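Quick notes on the structure that follows.
Nothing here was measured: the structure is a model prediction, and the numbers come from that model.
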Amino acid sequence: METPPSAARSTRPEVTLAVCRGTCRLLRQAGYSVLLELPLPDGRRADIMAITAGGELTIIEVKSSIEDWRVDQKWPDYLAWCDQLFFAVPVDFPQELIVQEVGLIVADAYGAEILRRPGRQPLAAARRKSLLIDCARLASERLARLNDPDFADFT
């Protein structure tokens, strides 16, 4: 993947959006279903939760810059909520900063490539079931809001 000349002028939110989009394209092509911005039971929020047809859960944390990586050292907390953990970074990110224990994806707005796969740490069955229910409920609620944006929950 080549970095377009405009990438150097991109803002952090634009880079994050591009890396997220390319990573999701890769995951969907590989047969995963993806859910963005998933709140986790411990109060953290996964940038991308990818789910296989068999119910395996992968969290992908998007890092748009060195500063983003340095200020966000909560990554070990995500290991408790997935079978495997990846970081997705832009093409020009210094890859040596990403710890070896996790997977590494390099992405731009059009696609992505897995450079390193992490080991699998299977979740306990009860935790997996709970997370899959959370994912299904959130996806359903988001779809319902798209279909009826004027709905107000009065309960």
Side-chain angles (χ1 to χ4, degrees), residues 1-40 44-123 128 131-149:
M1 276 178 262
E2 285 189 34
T3 305
S6 62
R9 294 185 299 263
S10 296
T11 66
R12 183 171 158 186
E14 290 170 336
V15 172
T16 299
L17 185 62
V19 170
C20 189
R21 179 181 176 208
T23 300
C24 287
R25 282 182 169 192
L26 171 74
L27 293 166
R28 290 176 57 219
Q29 288 170 343
Y32 289 83
S33 293
V34 296
L35 191 57
L36 305 178
E37 304 288 331
L38 177 74
L40 298 170
R44 301 278 186 222
R45 181 195 40 78
D47 292 332
I48 303 170
M49 178 67 84
I51 307 165
T52 66
E56 286 188 13
L57 299 166
T58 299
I59 291 178
I60 300 93
E61 275 301 292
V62 175
K63 295 297 166 208
S64 60
S65 66
I66 295 171
E67 296 77 28
D68 187 15
W69 167 255
R70 289 191 177 139
V71 299
D72 184 4
Q73 292 300 310
K74 66 184 183 291
W75 72 265
D77 296 344
Y78 293 108
L79 294 170
W81 304 105
C82 60
D83 296 299
Q84 54 185 352
L85 175 66
F86 284 85
F87 280 100
V89 298
V91 175
D92 60 349
F93 188 92
Q95 298 168 14
E96 65 276 2
L97 293 179
I98 304 297
V99 295
Q100 293 295 313
E101 296 87 357
V102 301
L104 177 60
I105 297 171
V106 173
D108 61 20
Y110 304 101
E113 182 177 349
I114 295 174
L115 299 185
R116 181 175 64 234
R117 293 188 180 274
R120 282 190 161 74
Q121 297 179 304
L123 287 173
R128 179 181 314 285
L131 284 168
L132 288 171
I133 290 169
D134 289 349
C135 288
R137 290 178 53 82
L138 181 60
S140 176
E141 182 61 26
R142 287 180 179 171
L143 182 60
R145 288 174 191 256
L146 282 175
N147 289 329
D148 188 1

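- Using a 4.5 Å cut-off on side-chain heavy atoms (C-beta onward), Cys135 and Ile51 make contact.
- Counting heavy atoms from C-beta on, the side chains of Arg120 and Glu56 come closer than 4.5 Å.
- Residue Glu61 holds its CD atom at 10.5 Å from CD1 of Ile98, rounded to the nearest 0.5 Å.
- Within the 4.5 Å cutoff, no side-chain heavy atoms of Ser64 are placed close to those of Val19.
- Of the possible donor and acceptor atoms, none in the side chain of Ser140 sits under 3.5 Å from a partner among the backbone N and O of Ala136.
- Salt bridge present: Lys63 and Asp68 bring a charged side-chain N and a carboxylate O closer than 4.0 Å.
- Counting only distance, with no hydrogens or angles, the side chain of Gln84 and the backbone of Ile59 share no donor-acceptor pair below 3.5 Å.
- Using a 4.5 Å heavy-atom cutoff, the side chains of Val106 and Phe93 are not in contact.
- At distances below 3.5 Å, not a single donor-acceptor pair connects side-chain atoms of Asp77 with backbone N or O atoms of Ala80.
- For the atom pair Asp47 CG and Leu38 CG, the distance stands at 10.5 Å (nearest 0.5 Å).
- Residue Met49 holds its CE atom at 9.0 Å from CG of Asp134, rounded to the nearest 0.5 Å.
- Of all heavy-atom pairs spanning Thr23 and Ala107, the tightest one is OG1-CB, 3.5 Å.
- Counting heavy atoms from C-beta outward, Thr58 and Cys82 have side chains that stay 4.5 Å or more apart.
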Asp83 and Arg128: salt bridge (charged side-chain N to carboxylate O under 4.0 Å, His left out), yes or no, with the steps?
-> CA-CA 9 Å; Asp83 296 299; Arg128 179 181 314 285; 2.6 Å; yes

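- Between Leu138 and Glu37 the shortest heavy-atom distance is CD2-O, 4.2 Å.
- Under a 4.0 Å N-O distance rule, the pair Glu141/Arg145 qualifies as a salt bridge.
- The shortest side-chain heavy-atom distance between Phe86 and Tyr78 does not fall under the 4.5 Å cut-off.
- Under the 4.5 Å side-chain criterion, counting only non-hydrogen atoms from C-beta, Asn147 is in contact with Leu143.
- Proximity of Leu40 to Leu131: side-chain heavy atoms (C-beta onward) are separated by under 4.5 Å at one or more points.
- Arg116 places a side-chain N or O within 3.5 Å of a backbone atom of Val102 that can act as its donor or acceptor partner.
- Heavy atoms of other residues, nucleotides or ligands lying less than 6.0 angstrom from CZ of Arg142 number more than 12.
- Across Leu26, Leu57, Leu27, a single residue satisfies side-chain contact (heavy atoms from CB on, under 4.5 Å) together with Tyr32, and that is Leu27.
- Counting all heavy atoms, side chain and backbone alike, Val15 lies closest to Pro90 at CG1-CG, 3.8 Å.
- Heavy atoms only, all atoms of each residue included: Gly22 and Ala112 are closest at O-CB, 3.5 Å.
- Shortest non-hydrogen contact noted between Pro118 and Glu101 is CB-O, 3.9 Å.
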